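Written below as structure tokens is the structure these notes are about.
Position 1 is the first residue of the sequence; numbering continues from there. Quantities reported herein were computed from a predicted structural model and do not represent experimental measurements.
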Amino acid sequence: MRVGVVGINHKLADLKLREALAKTCQKRFGAGHSVHDQHHFILLSTCNRTEVYFSSNDLAVTHSYLLSILRHDVKEEFDHKLYSYFGVDCFSHLTRVTSGLDSAIIAETEIQGQVKNAYELATSYLCLPKELHFLFQKSLGISKKIRSELQLGRGMPNLEHAILQTGKHFFKSCTQARILFVGTSDINQKILGFLRSKDYANITICNRSNARALQLAHVHGVQQLDWHQLAAWHQYDWVIFGTKSPDYLIRHQDVSEEAKGQKLIMDLCVPRNVEPKLSQDPRITLLNIDQINRLLKIRHRCMTHTLVEAENRINEATHNHTARYIQKEQSKIAVLAASA
């Protein structure tokens, strides 16, 4: 099966390097940006990983092509922090990723939607080879079945809990804090819904598409801030960023002298939405996605037995599906040869 992947994740690289690679890959291999006759790509980019899945007649040539672009565009040393998989190993890896076994927050559910969205976005721009369709469709199917049968993640602390507990620790009266969500990403929507279920009412949402922000504000019963008014973010106590902006949305020099009180800012994005230098302001506590994820390390230790079973099922399923795929392709070749 002619598929492969080149990637980097939270286990191997810090946020700064992941951010640099994410920007380059979005520019070079994002859907609609990279169209080749010989190479086919699907980019999966989340806060914890950036991966380029590919297929071609010569995987070694495509792999070298990918690396040459990254080496040209990214100025930091990174080769020893990348990973590459081919064939069934690539299949197994994507299925582990889609199941949440390779996530910073073990068994988190957002990754399934992110993988599906990456696949559907690529198919909307490109005519992909059957190997990539097989890879993503089967990985999504296997991971969904395993998550359901093993009840992965049920009852375990997740990102929403970590964010809530951090807010409770930071604010004396957490439910009274003025909260601003910037972006309508899936994770922001999930956190917003979770906080509303905990009786947090003083919430405002701001998004590049004002119509989308208004829609979500109506659904959740919260306020909406127009995008052109984002500069007023300092009027809020707690700001949670979750957008796909390639550039900083707020910078250190933009902080108003009128900003009063201590501010808690959570930047859940890669590339980051908030300039890290903002943390130098004594009024601001800035947390990035890696810092928040550290609060949830206990999750892995509580799921050891279930995770081992999930790994075993993934290995068995991916190898069986690959064997059937190869057998089917060989049968087609034999039929064509006999009819020639």
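- Considering Q280, E275, R283 in turn, R283 is the only one that fulfils the side-chain contact (heavy atoms from CB on, under 4.5 Å) rule with V255.
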Test side chain to side chain donor-acceptor pair (under 3.5 Å) on R324 and Q327 and set out the steps.
-> CA-CA 5 Å; R324 287 196 290 269; Q327 185 179 31; over 6 Å; no

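- Partner of H39 under the ring pair (Phe, Tyr, Trp, His ring centres under 6.0 Å) criterion, chosen from F29, F54, Y65: Y65.
- For an aromatic pair to be called close, the ring centres must be under 6.0 Å apart, and H40 with Y53 fails this.
- Between R272 and D267, none of the side-chain N atoms (NZ, or NE/NH1/NH2) sits under 4.0 Å from a carboxylate O, so this pair counts as no salt bridge.
- Note on D281 versus K263: no salt bridge recorded, every NZ/NE/NH1/NH2 to OD/OE distance being 4.0 Å or above.
- Here the side chains of Y325 and L135 are not in contact, with every heavy-atom distance at 4.5 Å or above.
- Salt bridge annotation for D73-K27: absent, with no cationic side-chain nitrogen under 4.0 angstrom from a carboxylate oxygen.
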Full working for side chain to side chain donor-acceptor pair (under 3.5 Å) between Q291 and N293 | CA-CA 5 Å; Q291 292 167 324; N293 283 339; over 6 Å; no

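- For an aromatic pair to be called close, the ring centres must be under 6.0 Å apart, and F91 with F134 satisfies this.
- When Y236, W233, W227 are each tested for a side-chain contact (heavy atoms from CB on, under 4.5 Å) with V182, only one passes: W227.
- Summarising the local packing, CD of E309 is surrounded by more than 12 heavy atoms from other residues, nucleotides or ligands at distances under 6.0 Å.
- Between F86 and H63, the two ring planes are perpendicular [angle over 60°; tilted spans 30° to 60°].
- Side chains of H72 and R28 form a contact here, defined as non-hydrogen atoms less than 4.5 Å apart.
- By the 4.0 Å N-to-carboxylate-O rule, E329 lies close enough to K332 to be salt-bridged with it.
- Between V222 and F181, the closest side-chain pair of non-hydrogen atoms is not below 4.5 Å.
- Atom CD of Q38 has 12 or fewer heavy atoms from other residues, nucleotides or ligands within 6.0 Å.
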